[in-house]
Amino acid sequence: MGMMLSRTYKEIIFWIAWIVIPFIMEIIPAIAGFFILIKKRLTVKKEEFKGKLPQITIIIPVYNSAETLRECIKSVYDSNYPCELMDVMLMNNMSSDNSFEVFTECQAEFKELSLKYMNAKQGKSKALNMALFNSEGKYIINIDSDGKLEPDAIRNMVIRFEQNPDIHCMTGAILTDKEYIENTSSWLLKLVRKCEFLEYAQAFLAGRNFESELNSIYTLSGAFSAFRKSTILKTQLYNSETVCEDTHITFQVRHLLKKKVHLCENALFFVDPIDNLSKLYTQRQRWQRGELEVSHMFFKNRALTARGFISNFMIRTLMYDHTFAFPRMIWYFAMIFLLFMNYPFELVFGSVFVIYLLYVLSAFLFYINVMSYLKSYKGVRKYYAFKLYLIFLMPIYNFVIFWIRFAGIINSAKVRSKWKALNLKEEYKSFCSVINEDFKRVVNIIKKIRGVVNNE
């Protein structure tokens, strides 16, 4: 009887220890976010805007964007915002393709739209700063040249500004292009792109939407963001010393100017899905490096304390993404070693299965929220609705993304910052090279020891 109670107690402690981390760090926030977003959806009433729409400036950075530039400009032209109130500035950053020819064709095709083309030779950040100094609109909207605006996106974003004087900058909701995904030939890449679509939808329409309600958005999306011109010109503008200038400008608005950062959940922007797995690897590493670089610029050591963790959501986000990544890594590996410590296989497997189901529950709650926020976008909502089965794959997808981000943490500590990061194939070659060098050293040491023993 005593042995049975001891084993039962041991199993209870085991389950608590292994389930508490994902439950506290991810499941509870997901449940809380679910109810907050449901409340927002039910209480926010759509009000017709009766005021006069202001002049705005749209900035589009261009770098070898010939293949996507026309569709991007066309989406601006087709938007439900008056063409005469939009100044579109294309900031060319040393393109070597025929982007300029595409621009001239668009000038002739979309005559009602004010299009300007400016050359910059000092990187994306300097190009954006040049555009800011030459802008004339009340609001500045940045969009990437490889994406397309939903027709109501600009209007909804400007109206949100006009009706909320306390909002000084916003990020739009970024989704990947469903038509592009469905035209993918490789089944594996198509599956990854579908998971990426679900990831973006849940990250913006659930995750950042929840953060926006709590005024705790960590970074604007560089693909589609907007500012009051009077606010952004009070910052130190875009910084060229980091690969994530969008995170840096967000920190300036929030940390230096003490202004609110917001999500405009009804302003959609569609970007191309990831090209391949190597691009996914380099993209997520670049984001991870940028977050670390910007955090290092703004947070001093004394801020990274228990008090800072409690009082500052940016510190909490930073510590969760980076500091807590190491115990999570140990936690993953520990599951394997438990089998060698005489823990029953069914106990270890059972805990993993329960944790997996908790992550599926989290993805399902996000799924329900996103469905409610896509109500006005029937085509996108229908496509998203048929991706319900992906919630069972999202824990695996997010697990892979965790290890990519973890590699980004390690590389940011030992590799000099640059925009072009090592892709998956290059990283593998580098890894093999290090292993070979290490084994050569071991072999040489063994040879020396053998020589001494044999009196050679």
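The model shown is predicted, which means the values in this text are computed figures rather than measured ones. Each residue takes its place number in the sequence, starting with 1.
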- prompt: Is the shortest heavy-atom distance from the side chain of Val76 to the side chain of Ile143 under 4.5 Å?
  reply: yes
message: Counting only heavy atoms from other residues, nucleotides and ligands, does the tally under 6.0 Å from CD of Glu182 exceed 12?
response: yes
message: Tell me the closest heavy-atom pair linking Met89 and Thr57, and the distance in Å.
response: SD-CG2, 3.7 Å
message: If you define the side chain from C-beta out and look only at heavy atoms, does anything of Tyr180 sit under 4.5 Å from Arg193?
response: yes
query: Counting distance only, does the side-chain N/O of Ser225 pair as donor-acceptor with the main-chain N or O of Gly222 below 3.5 Å?
result: no
- prompt: Does any non-hydrogen side-chain atom of Arg228 lie less than 4.5 Å from one of Lys259?
  reply: no
message: Donor-acceptor pair, distance only, cut-off 3.5 Å: does the side chain of Asp144 make one with the backbone of Asp146?
response: no
query: How far apart are the C-alpha atoms of Phe110 and Arg70, what are their side-chain angles, what is the distance that settles it, and do they pass the side chain to side chain contact (heavy atoms under 4.5 Å, CB included) test?
result: CA-CA 10 Å; Phe110 311 118; Arg70 183 192 174 278; 4.3 Å; yes
Straight-line distance of Ile174 CD1 to Phe224 CZ, nearest 0.5 Å: 7.0 Å
- request: Verify the neighbour count for atom NZ of Lys378: are there more than 12 heavy atoms of other residues, nucleotides or ligands below 6.0 Å?
  value: no
Heavy-atom side-chain contact between Glu211 and Leu263 under 4.5 Å: no
- prompt: So, Ser212 side chain and Asn209 main chain: donor-acceptor pair closer than 3.5 Å or not?
  reply: no
query: Relative to Tyr383, does Lys387 satisfy both conditions: NZ or CZ under 6.0 angstrom from the six-membered ring centre, and within 45 degrees of the ring's axis?
result: yes
Shortest non-hydrogen separation from Asp166 to Lys260 and the atoms involved: O-CB, 3.6 Å
query: Under a 4.5 Å cut-off applied to non-hydrogen side-chain atoms, are Glu196 and Ile181 in contact?
result: no
- prompt: Going through the checks in order, is the side chain to side chain contact (heavy atoms under 4.5 Å, CB included) test met by Val380 and Phe270?
  reply: CA-CA 10 Å; Val380 181; Phe270 301 97; 3.8 Å; yes
query: Quick check: are there more than 12 heavy atoms from other residues, nucleotides or ligands sitting under 6.0 Å from CZ of Phe364?
result: no
- prompt: Are the side chain of Thr282 and the backbone of Ser278 linked by a donor-acceptor contact shorter than 3.5 Å?
  reply: yes
query: More than 12 foreign heavy atoms under 6.0 Å from NZ of Lys74: is that the case here?
result: no
message: Using 30° and 60° as the class boundaries, would you call the ring planes of Tyr139 and Phe161 parallel, tilted or perpendicular?
response: parallel
statement: Per salt bridge (Lys or Arg N to Asp or Glu O under 4.0 Å), Lys148 is matched among Asp272, Asp78, Asp177 by Asp177
- prompt: If you measure from CD1 on Ile249 to CG on Leu132, what distance do you get to the nearest 0.5 Å?
  reply: 7.5 Å
Distance in Å, Gln55 CD paired with Lys138 NZ, rounded so as to fall on 0.5 Å steps: 12.0 Å
- request: Mind listing the closest non-hydrogen atom pair of Asn156 and Asn266 along with its distance?
  value: ND2-O, 2.7 Å
- prompt: Is it the case that more than 12 heavy atoms not belonging to Tyr377 sit under 6.0 Å from its OH atom?
  reply: yes
field: Within-4.5 Å side-chain heavy-atom neighbours: Phe227 and Leu220
entry: yes
message: Take a 6.0 Å sphere around CZ of Arg381 and say whether it holds more than 12 heavy atoms from other residues, nucleotides or ligands.
response: yes
task: Would you name the heavy atoms of Ser99 and Leu69 that are closest together and state the gap between them?
output: O-CD2, 3.8 Å
Over 12 non-hydrogen atoms of neighbours within 6.0 angstrom of CZ in Phe386: no
message: When you compare the side chain of Leu128 with that of Pro61, does any pair of heavy atoms fall below 4.5 Å?
response: yes
message: Any salt bridge linking Arg160 with Glu265? Criterion: basic side-chain nitrogen under 4.0 Å from a carboxylate oxygen.
response: yes
message: Nearest 0.5 angstrom please: Leu189 CG to Asp275 CG, how far?
response: 8.5 Å
- line: Between Phe197 and Tyr384 the two heavy atoms that sit nearest each other are CE2-CD1, 3.7 Å
query: What distance separates Lys190 NZ from Asn183 CG, expressed to the nearest 0.5 Å?
result: 8.0 Å
- prompt: What do the steps show when you test Phe366 against Ile391 for side chain to side chain contact (heavy atoms under 4.5 Å, CB included), and what is the final call?
  reply: CA-CA 9 Å; Phe366 284 147; Ile391 67 172; over 6 Å; no
- request: Evaluate the side chain to side chain contact (heavy atoms under 4.5 Å, CB included) criterion for residues Glu199 and Thr176: first the C-alpha distance (whole Å), next the side-chain angles of each, then the deciding distance (0.1 Å), finally the verdict.
  value: CA-CA 10 Å; Glu199 178 195 21; Thr176 51; over 6 Å; no
- request: Measure the spacing between CG of Asp152 and OG of Ser79 and express it to the nearest 0.5 Å.
  value: 9.0 Å
- request: Please answer whether the main-chain N or O of Ser65 pairs with a side-chain N or O of Asp97 as donor and acceptor at a distance below 3.5 Å.
  value: yes
- prompt: Just by distance, do the side chain of Ser221 and the backbone of Thr171 share a donor-acceptor pair under 3.5 Å?
  reply: no
- prompt: Below 4.5 Å, heavy atoms only, C-beta onward: do Ile355 and Tyr359 meet side chain to side chain?
  reply: yes
- request: Write down the atom of Ala226, the atom of Ile141, and the distance for their closest heavy-atom approach.
  value: CB-CG1, 3.8 Å
